[in-house]
2 protein chains.
Amino acid sequence: MPRIKDAVPIIQKGLSEKKAIIVIGECSVDYVGRASSKLKLGDRIVIIKRDSSILVHRPRDYSPVNWQPPGCLFEIQSLNDFLSIKAVHKKSKETVNISFKRVYTLLVLDIFDTGEFTLYASEEDMQRCILSHPDIIESGLKVISYEKKIEPGFVDVYCLDSLNRLVVVEIKRRIAGIDAVMQLEKYLEAVRKYSNREVRGVLAAPGISRSVQKSLVALNIEFKPLSPKKCAELLRKTSESKSLEKYIT
Amino acid sequence: MPRIKDAVPIIQKGLSEKKAIIVIGECSVDYVGRASSKLKLGDRIVIIKRDSSILVHRPRDYSPVNWQPPGCLFEIQSLNDFLSIKAVHKKSKETVNISFKRVYTLLVLDIFDTGEFTLYASEEDMQRCILSHPDIIESGLKVISYEKKIEPGFVDVYCLDSLNRLVVVEIKRRIAGIDAVMQLEKYLEAVRKYSNREVRGVLAAPGISRSVQKSLVALNIEFKPLSPKKCAELLRKTSESKSLEKYIT
DNA sequence: GTTTCCATTTCGTCA
DNA sequence: TGACGAAGTGGAAAC
């Protein structure tokens, strides 16, 4: 249990050497920026990372109660027997002020991490899957383009079906809600304005909420069940490259 | 620098006593669940919280590289001189598997936090501000209701203007993008179906993106500049209670 | 830098 | 429990 006075120079030295720092103790936190907040006294875990971001974690919950993104300037000082850690984010004009009444643990960490991180079964995987295997949506489908800019946004996948009708495919990696339908409808309206061809809307997702089913019928949008994990598996089996360009026709 | 063999019982005891645990060391992480991921060897900070959530933090970045929400079961063991921490979330069928090659620091924390947290200048504050001072939007505006259920969702604030026209107000605490306009347009369409009265749409936000301005004109939606901080200030000055009920007429 | 949209989003709320 | 929308959302990609 380091004393407040001793903690100040240790933290300052750690910061100047761009090390990661963990402070655990009883503190209160004030935040002013886009919004503002006040957090009364309690035990927290404060992490200052090497990119000058800062997190204040409570003993519960996934998300930090206070934080600042990378790019902070820090002021460390002892004020009336309290350890004050002030993180100022100049760019976004935000400030987090932490005031420690007691410090239980202070760690200065010399840690490095260059380990590669790979995520599978993202929406992008679903898109790649459809681009390389358009039959998964519908037999005879031909991809024209993807991420095509249409008036206010991007169409996920843009196709022609076996009867030469335009098909706009909207992909969601989760149960699709009303927002997904609205997004697709927006694109459909835009495409119909540009083209006299018949235009179909297809929502590809692992599921749809019940209330959305009605909207689908009303708007004549089709639903195609498609799971992100199945897509990722299929991609793995067929060893598709990460590059998408080759699928454009 | 504790040895792997020593770490296992210490962590197990900490878990059984529902303490918070921090493990810092060189590890790799595998995740399987809604999606899946692989993270190669590197130094990380692992936090197991008292609600049985777990976070894996790299020395950079705001967000954890891997995590699990509250409600995990943990398996701690030593495997071939590696410390294995397996977090299984039964409910969501997700698993995070952490394999430590080396442990630099191991902390078992007896920390408690009941400190009250208050956030100011949220969208709810903006809504309260409009409800108690509807003139801030427009002189002569009368609030009919708020969070009113309209077919597919909830209208933020629902009013009558001085000419007895219906006014649907959509509130955003940030620069409003295309999604905000879409949402408002959705409500406008629904309200116009239900009522023969003239219906106006007002977007109250601190700003709008340039491309959205065009949509506003096309859809005949009005924009009212309104900052969340100004709203919070006004509420503070007039000491409005948190209760909203009294504003319904 | 602005805009758009995904995210293992998380979180809260309400029916 | 499902559904819907906010969040101090964060993060990335495109332009």
Side-chain angles (χ1 to χ4, degrees), chain A residues 31-37 53 55 61-70 89 91-96 119-127 147-156 170-183 186 207-213 228-229 232, chain B residues 31-37 53 56 61-70 89 91-96 117 119-127 147 149-156 170-180 182-183 186-187 207-213 228-229 232:
Chain A
Y31 154 70
V32 178
R34 289 164 290 181
S36 59
S37 70
S53 59
L55 306 171
D61 307 330
Y62 161 86
S63 40
V65 63
N66 283 112
W67 71 92
Q68 254 336 266
H89 204 268
K91 203 176 153 70
S92 54
K93 290 176 189 163
E94 299 210 305
T95 304
V96 169
L119 181 72
Y120 308 92
S122 63
E123 189 181 294
E124 194 188 337
D125 281 341
M126 295 177 73
Q127 192 185 51
E147 295 298 328
K148 184 180 177 59
K149 180 106 176 79
I150 296 285
E151 169 47 4
F154 297 85
V155 168
D156 282 340
E170 174 69 29
I171 307 168
K172 287 291 161 200
R173 76 171 308 287
R174 308 199 299 175
I175 306 289
I178 191 80
D179 53 332
V181 176
M182 300 272 307
Q183 208 174 333
K186 177 186 70 177
I208 47 172
S209 62
R210 188 167 299 267
S211 61
V212 163
Q213 282 181 331
K229 295 179 92 171
Chain B
Y31 155 69
V32 178
R34 289 163 289 182
S36 60
S37 70
S53 58
V56 181
D61 306 331
Y62 161 86
S63 39
V65 62
N66 284 112
W67 71 91
Q68 258 330 270
H89 204 267
K91 202 175 155 69
S92 54
K93 290 174 189 162
E94 299 209 305
T95 303
V96 169
F117 178 73
L119 181 72
Y120 308 92
S122 64
E123 187 182 296
E124 194 188 336
D125 281 342
M126 295 177 72
Q127 191 185 49
E147 296 298 326
K149 180 102 175 80
I150 295 287
E151 172 44 9
F154 296 85
V155 168
D156 283 341
E170 175 69 29
I171 306 168
K172 289 291 163 199
R173 74 171 309 288
R174 309 201 293 179
I175 304 289
I178 191 79
D179 54 333
M182 300 262 307
Q183 210 173 330
K186 177 185 70 177
Y187 294 133
I208 47 172
S209 59
R210 190 170 300 268
S211 61
V212 163
Q213 282 180 332
K229 296 180 91 171

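Chain letters run A, B, ... following the sequence lines, proteins first and then strands; every chain starts at 1.
Atom NZ in K172(A) sits about 8 Å away from atom P in dA7(C), given to the nearest Å. As rounded to whole Å, 9 Å separates atom P of dA7(C) from atom CD of E124(A).
To the nearest 0.5 Å, atom CD of residue E94(B) and atom CH2 of residue W67(B) are 8.5 Å apart. Within the model, atoms CZ of R174(A) and CD of E123(A) stand 11.0 Å from one another, a figure rounded to the nearest 0.5 Å. In this structure, CD in E124(B) is found 10.0 Å from CG in L119(B), a value given to the nearest 0.5 Å.
Between W67(B) and dT8(C), a base-stacking contact is recorded: ring centres under 5.5 Å apart, planes less than 30° from parallel. Under the stacking criterion of a centre-to-centre distance below 5.5 angstrom and an interplanar angle below 30°, Y31(A) sits stacked against the six-membered ring of dG8(D).
The side chain of E123(A) sits closest to dC6(C) out of dT3(C), dT9(C), dC6(C).
Note on Q68(A): a base of the nucleic acid sits closer than 4.0 angstrom, heavy atoms only. Residue I178(B) is in sugar-phosphate contact alone, with no base atom involved, counting any heavy-atom pair closer than 4.0 Å across all strands shown. Within the nucleic acid shown, S122(A) comes within 4.0 Å of sugar-phosphate atoms alone, with no base atom in reach, counting heavy atoms only.
For K186(A) and dT4(C), the shortest distance from a side-chain N or O to OP1 or OP2 is not below 4.0 Å.
Rounded to whole Å, the separation between the C1' atoms of dG5(D) and dA7(C) comes to 15 Å.
Summarising the base pairing, dT3(C) is matched to dA13(D) through a Watson-Crick or G-U wobble pair whose two defining distances lie under 3.5 Å.
One can find a donor-acceptor pair under 3.5 Å joining the base of dG8(D) and the side-chain atoms of N66(A).
The closest donor-acceptor contact from the side chain of K229(A) to the backbone of G33(B) lies under 3.5 Å.
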